[in-house]
Amino acid sequence: MSVDVVLQVVVGGVLLGGLYALVAFGLSLIYGVVRILNFAHGTILAVVGVMASVMFASWQLSPVLIALILVPGVFVIGALFYRGLLRPLERRSPLEATIGTVLVTVGALLILSDVTAVLAGPMQRNILLRAPVIEVGDIIISITQLAILAAIVVLTLAIHVILKTTWFGLAVRAVTQEPVAAELCGARSLGIKTLTFGVGSATVAMAAVLYVLTFPVDPYMGFGLTVKAFTIIVVGGIGNLPGALIVGVLLGVAEGLVGLFWGPEWSPAISVVLLLLILVAFPAGFRWRRA
Amino acid sequence: MKRVSLMTLAAIAVAALALLPLSGAPYWTTFVFSVLIAYVLAQSWDWVAGEMGYINLGHYVFYGIGAYAFSIALTSAAIGSVTVSMVIAVVVVGIAAVLLGLPLFRLRGDYFAFATLALLPLAEVLTNNMSWLTGGADGIVLPVDHVLTVAFWLALALAVLSFITTLAINRARFGFALRGIRNDEEVAEVMGLPLLPTKIKALLLSSLFAGLAGAIQAWQMSYIDAVTVFGLNVALVPIAMALLGGSGLRWGPFVGVVLLAGIQQWLLVNITMLQATVYGAIILLIGRYMPGGMLRAGLLQNIAWLAPLTREHGAFVADRTAGQAAGGAAVAMPLDRIAIEPDAPPLLVCKDVVKAFGGNRALAGVSFSVGPGEILGLVGQNGSGKTTLFNCISRVHALTAGEIRLGGRDLAGLRRDEMAGLGVGRTYQIPRPFGDLTVAENVALSVMLGPRREAPERALAEARSFLAYADLDHRRDVRADTLSLQEKKLLEFARALAVRPRLLLVDEIASGLTPVEVRRFVERIRAVRDDYGITVIWVEHIASALNAAADRIVVLEQGQLIADGPPAAVFSDRRVLASYLGNTAEAMQ
Amino acid sequence: MTGTTTKRGQQWRAARVAVALAAVAWLASTPADAKLGSCTDPVVFGTTISETGLFSTLTGNWRKMTEIFADEINKAGGIKLSSCGDKGVPVKFVVYDDQSVPATAVQLYERMASVDQVDFFVGPDWSSIGGPVPPVAERHGIPIVMGNVATPSLYQRGYKWVWGTPAPAVPRWSERYFDMLAHVDPKPKTIMFLTHDNPVMKAITAVWSKKAAAQGIKVVGEEMFSADLKDFTALIAKVRAAKPDIVYISSFDNPSVPLVQQLRQFKVRAMDVHHAMLTGALKKQVGKDLEGMTGELTWFPSVKGPYADLYERVMDRTGITMFDSIWTLARLNSYLVMIQAIEKAGAVDREKVQKALYKGTFKSPAGDIVFDEHGFPDTGAFTIQMQNDKVEVVWPPDVATAKPIWPSPTWQ
Amino acid sequence: MMLEVSHLAVDHGKLRALWDVSFSVGEGQRVGLVGANGAGKSTTLGAIAGLYPIAGGAIVYDGAPLDSRSPPDALSRGIVLVPEGRRLFGEMTVRENLRMGAYGARARAALNEGYDRVFTLFPVLRDKQAQPARELSGGQQQMVAIGRALMARPRLLLLDEPFIGVAPILVDDIMTALAAIADGGVTMILVDQNIRRALRFVERASVIHNGRTVLAGDSAALLADENFATTFMGLD
């Protein structure tokens with residue numbers, strides 16, 4: 001196998017893995033701050049992806065415009081979802097809160113998929129853009145892919161900068177690590193949790209628009225992505241976005257290389273095997289320590 | 001009386017159901033059949049989740065493995081017999097449960113849940129790719145045998161067996177052990193419960209029922225493929241059903257399964273659009289407004305005729321012990337007196353004990369010994385290493401260096417659950433009761449898990465004498481998490497005694513008591529030694545209490561032993577006084 | 001709780017249980033056999049459609065289509081029965097959503113047999129569901145003509161009442177394409193198969209890789225991929241290394257969307273890239289990338305054939321096209337074959353219909369349908385090529401709407 | 001009086017943790033709360049800081065009742081708690097921890113002054129700004145915790161067991177710093193189980209026993225009171 005082939009596979013893996021990482025960011029933020037495992041998280045990608053595809057097919061809107069319309073909408077819906085349905089459960093006993101959030105998010109997953117399938121049709125869709133390609137030696141990259149890669153990098157940097165420099169980002173990290181102390185510092189948990197849920201959902205919406213530019217979506221595809229995203233945040237460390245990015249990209253590349261050297265039919269197994277191995281080796285979750 | 005009538009009705013209902021396949025209503029037969037399978041799955045899942053507190057989202061994997069093992073065996077030329085294939089399915093599922101359980105039980109909480117969930121897509125990929133065994137995506141085609149009637153009876157029998165097993169687990173020592181794990185597995189372990197074997201046993205039991213359910217359904221359906229038995233869309237349904245009814249409740253999974261399956265079927269037949277939305281909305285609303293499950297909702301608990309369905313397990317246990325004579329009024333505990341030889345070798349020897357957490361040495365080379373029948377007071381500031389020392393003696397922590405011997409035996413290499421068997425009982429500074437069990441059950445659990453492995457009925461009876469000894473008998477039937485802090489500390493004391501210890505480790509149990517209560521407690525500690533010969537190490541801040549109770553005092557400071565001697569001498573030591581009362585730096589000068 | 005309330009509670013409970021038992025008993029006593037042989041009652045077909053869940057992405061608006069189909073048949077006079085004179089009997093459908101779950105489908109077919117008392121079964125689709133459903137038909141002795149259930153092994157179980165997918169069968173799927181390959185110039189020398197991990201697609205590859213070799217075209221590679229695969233770079237790298245003259249994609253339309261796009265992007269060169277299921281769904285998602293590709297279509301209105309007008313009207317009124325929803329042909333064929341069988345039998349009589357299905361040859365727009373002894377049909381598909389963004393039938397020449405452009409210019 | 005706590009009762013879930021606690025603190029004073037483990041000292045501080053809702057009695061602060069629903073409410077009135085066990089944001093740097101302390105609107109404006117003030121008090125932290133807080137020693141962590149509280153510009157500083165896990169040599173440093181803070185006009189309530197140390201630092205103290213205040217007075221008087229130690233602290 002020539003180096004070019006491997007490099008080509010790596011490029012493809014980085015693109016897919018970057019998208020995985022974007023999905024994982026939202027889940028990681030929400031899980032870190034609100035401590036809720038949102039089973040409907042990946043389904044948001046499926047639903048927003050379908051909506052974006054319909055908008056593109058019906059009105060030929062530019063993907064940027066579609067994102068500008070959908071992402072704030074999802075932000076609001078995510079925040080309202082948390083406020084209306086999940087927040088009240090926090091006052092219950094831990095057992096009831098856990099079971100309640102599972103039921104609420106699973107119920108939301110079913111509703112989201114079904115309503116989308118009824119309104120937009122259950123068929124698979126994408127946004128069809130034909131873009132020229134760039135050839136570097138034997139490696140080929142399309143402009144769309146480059147744009148998506150650039151968007152992933154920009155978004156990751158943006159999220160990173162928000163978390164590192166803004167007061168909101170600081171509070172998000174503080175609540176993730178020590179919720180009580182964050183409150184003692186004046187961070188109102190309700191507001192921060194609501195915002196986080198909104199931002200986390202909006203991140204997936206952003207990922208959805210990028211995803212549907214290269215890969216097809218359908219209303220029922222979300223749950224597998226949720227599992228994949230959880231794998232990434234467990235392996236990368238909860239609340240650790242650079243970790244999630246690295247693991248997401250590695251996962252995408254690993255899936256490609258397994259397809260190359262072993263057989264594409266085994267690629268979907270990689271994330272699961274990785275998750276199980278890491279968890280068994282580090283039962284309390286993986287922690288990235290500085291040397 | 002009420003319980004009996006409900007059970008009688010259940011028996012009649014089962015008998016009526018058994019006639020269903022003969023009545024010429026195949027639709028209802030297949031519908032009830034799938035309800036029965038769902039019940040077996042939900043109920044067997046709940047043994048691990050509701051009883052033991054481990055949310056196994058991959059429970060359906062065992063259903064799928066059972067279905068596949070059965071189908072492969074049945075279609076292979078070498079086997080072909082249904083009975084043998086069922087047995088093979090059970091064996092394969094059992095092996096899979098043990099192999100998966102060993103690594104998975106290293107995990108807890110959400111991590112366990114998600115790791116188990118990940119098993120489903122993995123199983124699907126494996127099944128699809130291992131075509132030589134599983135037929136790959138072709139699935140496995142079984143002969144068309146029209147086995148609905150027999151399969152229905154098998155499913156009914158399995159469902160009834162699941163329910164009976166639930167009752168048996170609730171009643172058995174094993175069930176109490178599971179509830180101990182659910183509440184606080186470290187405490188249960190220190191009481192003498194070997195954790196991993198117990199967890200594996202629970203998973204094994206639950207997986208066998210799921211595997212059989214899979215085998216029976218595969219037989220009835222006559223065709224399986226990976227999507228059908230490992231698909232995420234179907235796998236979470238039985239779990240949602242159990243949660244909806246009320247996980248951990250005797251009737252919870254049953255009510256949840258019947259209700260959700262009924263609603264789903266009704267929607268399918270009567271609504272042509274958005275059934276999944278309505279179905280999802282029902283799940284969502286119940287999660288939002290009845291998050292503990294329907295049967296835990298106050299709304300239902302107040303309806304008289306539903307009351308028998310909504311009771312917690314504890315309520316059934318209280319029923320059984322309520323009738324027992326309150327023989328525990330006497331303040332004698334059912335403990336044998338341990339003879340104290342005057343010149344026996346020390347019971348506990350600590351030699352250069354070091355325990356480091358990262359770079360922080362909580363114990364920096366502590367040596368002392370405790371003679372049999374001695375009451376040793378252990379004193380030191382917060383953070384001086386007292387609790388760490390207790391944790392080292394009860395093997396919660398492994399030593400970094402040094403050696404601890406109990407009755408001449410080196411404790412290195414022993415598991416936590418073996419300590420109770422060696423006669424070490426302990427209390428926790430911050431009480432750790434099994435919150436959702438009754439006070440009596442808390443103590444009974446000690447008796448059950450401890451070295452004598454008593455059966456629950458006896459243990460519950462015995463528990464009352466320990467409770468009486470700790471002045472807690474009047475609170476025996478309330479949930480332990482409703483006790484006051486002081487009562488919880490007394491509960492800790494009763495639980496530690498119920499292990500039948502040779503060596504009792506008491507951690508700050510008298511703090512917060514009134515002076516009168518403290519005096520009573522001092523008498524109690526002395527009596528434990530005087531009447532039963534139990535050796536005691538008592539950590540306490542109330543010096544007067546130690547002064548009155550202890551034969552000897554050991555003082556720790558910054559993980560080091562700074563004094564060891566009779567109370568009078570130690571408490572007049574200038575360095576001790578300074579360390580205990582004033583600025584340390586000043587004392588050094 | 002006082003004694004009185006306890007007692008009342010028990011009475012309540014007993015009453016409720018009694019009511020429930022009575023209800024079960026009543027339902028159980030309902031007769032299971034349908035009233036057959038009437039000339040006035042409509043003939044009732046029972047079917048399930050995967051309207052929601054995993055497989056729903058493959059269905060079109062089939063519930064509406066089924067209703068319109070019945071309406072069209074009834075407008076044309078219904079099913080003509082010799083036993084009822086010339087008078088036609090109307091047809092009626094009972095349709096449920098099986099939610100793509102086999103156990104649910106089984107329950108619903110049992111329900112249609114015993115509660116709804118349908119006369120005949122049509123559909124369902126997909127092996128997952130087509131596997132467990134036939135035993136229901138067998139037990140009740142209700143003839144069933146299934147839709148898109150194409151796994152041959154499912155038909156080897158000694159069915160007496162079950163007939164399968166009345167659309168092109170696996171062993172004849174690409175017959176016309178390989179016939180075309182034998183006549184084109186320059187002749188292809190090598191072929192590589194890319195197979196979606198699915199029983200139908202694997203069966204197609206298995207059959208046609210052998211036939212290709214027999215025809216003198218060397219198979220230089222066979223790769224499999226799962227429906228979850230999104231990044232095909234690795235697979236395409238292998239194609240580029242093998243340099244085959246023909247790339248044969250044996251896949252359903254949806255899973256191969258990224259594959260087709262990435263083949264184009266990576267500038268794979270070949271005489272022809274063939275897609276076994278070249279559909280409108282694929283075209284919607286990959287657009288111009290499809291230009292010049294060849295494929296297989298079970299039927300297309302321009303091919304005409306018996307009942308072509310009926311199909312066209314039904315699909316027009318439903319708002320779907322055969323190209324968009326390739327599975328629609330087998331669906332409609334299952335309805336059509338059952339109606340023809342009843343007309344041949346001359347009565348609404350399950351045993352007579354069963355006999356008719358055994359012997360008969362059935363007309364369909366895609367050609368005659370003849371079942372083998374297992375109930376498996378025997379038809380082939382038409383070879384098409386995308387030319388100037390339009391679907392043209394290019395083989396066989398007698399029904400062709402255009403000549404094949406060879407070698408396909410877009411892959412040069 | 002700046003703060004007046006009268007007949008305060010607090011519940012933890014269904015259990016009453018505090019029954020009847022009363023004491024008062026004047027502007028600029030240092031007051032101690034002493035008592036055995038579990039007596040209710042931390043709960044009292046928590047209730048003032050808004051961590052626990054008040055079940056009975058009243059807290060009056062600056063003449064107006066203090067019925068905070070959450071710590072940010074108390075914080076906005078200048079009440080800041082240094083919690084037991086420090087509760088630093090372990091993965092965040094020292095500087096980020098301090099910055100988080102200035103989260104409140106009022107403090108944000110004076111962020112840089114805040115840093116200066118903290119680094120002047122605890123010079124050792126200046127060099128460790130970029131280190132994750134969990135890598136610091138116990139005493140340095142405690143300095144960060146106090147520094148973080150200072151960033152919020154407190155008027156009333158509540159210190160819960162600030163010397164646990166602190167090496168003896170650093171205890172004095174922290175004591176000195178606390179004294180400096182107090183001299184700067186910050187009112188303080190100190191909970192410390194080392195009674196002598198506590199009494200030497202504060203001017204007045206209240207003894208809490210089983211959720212009730214049982215004794216109060218000047219620290220000098222309490223120290224001199226032989227009865228005090230024997231009766232309430234169980235010392236001979």
Side-chain angles (χ1 to χ4, degrees), chain A residues 1-2 4-17 19 53 57 110 113-114 117-118 121-131 133 135 138-142 144-145 211 214-216 218-221 224 252-253 255-269, chain C residues 50-61 97 99-100 194-197 202 222-238 240-241 252-259 261-262 264-268 279-291 320 324-325:
Chain A
M1 210 64 69
S2 77
D4 286 343
V5 172
V6 175
L7 274 179
Q8 183 76 63
V9 170
V10 168
V11 169
V14 167
L15 181 75
L16 188 60
L19 289 172
S53 162
L110 292 173
S113 289
D114 194 49
V118 167
M123 66 286 263
Q124 180 173 300
R125 304 162 166 278
N126 62 0
I127 286 182
L128 182 57
L129 287 179
R130 280 176 63 85
V133 296
E135 288 181 59
D138 256 5
I139 302 170
I140 300 168
I141 304 172
S142 80
T144 316
Q145 283 178 322
Y211 189 93
T214 36
F215 304 116
D218 69 66
Y220 298 98
M221 66 173 285
V253 172
E255 286 185 354
L257 291 180
V258 164
L260 185 64
F261 291 110
W262 194 4
E265 71 269 30
W266 288 102
S267 295
Chain C
S50 301
E51 289 185 281
T52 54
L54 199 61
F55 302 125
S56 65
T57 53
L58 304 172
T59 64
N61 193 356
D97 174 13
Q99 297 189 314
S100 311
L194 306 179
T195 310
H196 167 202
D197 188 6
K202 286 195 308 200
E222 279 190 31
E223 287 292 328
M224 204 143 66
F225 60 91
S226 78
D228 293 339
L229 193 67
K230 301 291 178 212
D231 177 24
F232 285 84
T233 320
L235 196 90
I236 291 168
K238 291 181 183 173
R240 298 217 298 177
F252 286 140
D253 40 9
N254 282 333
S256 63
V257 167
L259 172 60
Q261 290 179 318
Q262 291 167 27
R264 285 294 184 189
Q265 186 194 329
F266 292 132
K267 304 197 166 158
V268 169
T279 68
L282 187 62
K283 179 161 188 298
K284 267 203 188 119
Q285 297 176 64
V286 305
K288 288 204 177 64
D289 283 346
L290 222 49
E291 181 64 25
I320 55 176
D324 284 345
S325 174

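Lettering follows sequence order; numbering is per chain, from 1. Just so it is clear, the values below take in all heavy atoms, side chains as well, and ignore hydrogens, waters and symmetry mates.
Contact count versus chain C (heavy atoms, under 4.5 Å) is highest, among A:G256, A:P268, A:A117, A:G252, for A:P268. For the set C:T59, C:V286, C:V257, C:N254, the entry with the most heavy-atom pairs within less than 4.5 Å of chain A is C:N254. The candidate from C:S226, C:A281, C:A234 with the greatest count of non-hydrogen atom pairs under 4.5 Å with chain A is C:A234. Chosen from A:V133, A:I140, A:V11, A:T214, the residue pairing most often with chain C at heavy-atom distances under 4.5 Å is A:I140. The candidate from A:Q8, A:E265, A:M123 with the greatest count of non-hydrogen atom pairs under 4.5 Å with chain C is A:Q8. Ranked by non-hydrogen atom pairs under 4.5 Å with chain C, the options A:I127, A:L16, A:L128, A:V9 are led by A:L128.
Counting all heavy atoms, side chain and backbone alike, C:I236 lies closest to C:V268 at CG2-CG2, 3.7 Å. The minimum heavy-atom distance linking C:P255 with C:A227 is given by the pair CB-CA, 4.1 Å. In this structure, A:F215 and A:L19 approach most closely via the heavy-atom pair CE1-CD1, 3.9 Å. Across A:N126 and C:Q261, no two heavy atoms sit closer than the pair ND2-NE2, 3.5 Å. The two residues C:P258 and C:K230 make their nearest non-hydrogen contact at CB-O, 3.5 Å. Contact record, C:F55 with C:S50: CB-CB, 4.0 Å, taken as the closest heavy-atom pair.
No hydrogens or angles considered: a donor-acceptor pair under 3.5 Å links the side chains of C:T52 and C:D97. C:Q265 and C:D289 are not linked by any side-chain donor-acceptor pair at a separation below 3.5 angstrom, with hydrogens and angles left out of the test.
Of the atoms belonging to A:S53, not a single heavy atom falls under 4.5 Å from chain C. Looking at C:K288, both its backbone and its side chain come within 4.5 Å of chain A, counting heavy atoms on both sides. Only the side chain of C:E223 comes within less than 4.5 Å of a heavy atom of chain A; its backbone N, CA, C and O stay farther away. For a residue to count as touching a neighbouring chain, one of its non-hydrogen atoms must lie under 4.5 Å from one of that chain's; by this rule C:R264 does not touch chain A. With a 4.5 angstrom heavy-atom cutoff, A:I141 touches chain C only via backbone atoms. For A:P216, the parts sitting under 4.5 Å from any heavy atom of chain C are the backbone and the side chain alike. For A:D218, the part sitting under 4.5 Å from any heavy atom of chain C is the side chain, from C-beta outward, and nothing else. Contacts between A:S142 and chain C at a heavy-atom distance below 4.5 Å involve backbone atoms as well as side-chain atoms. Proximity to chain C is limited to the side chain of A:Q145, based on heavy atoms less than 4.5 angstrom apart.
Here the straight-line distance linking atom CG of C:L54 with atom OH of A:Y220 works out to 9.5 Å at 0.5 Å rounding.
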Would you check, one step at a time, whether the test side-chain contact (heavy atoms from CB on, under 4.5 Å) holds for A:V5 with A:L260? CA-CA 9 Å; A:V5 172; A:L260 185 64; 3.8 Å; yes
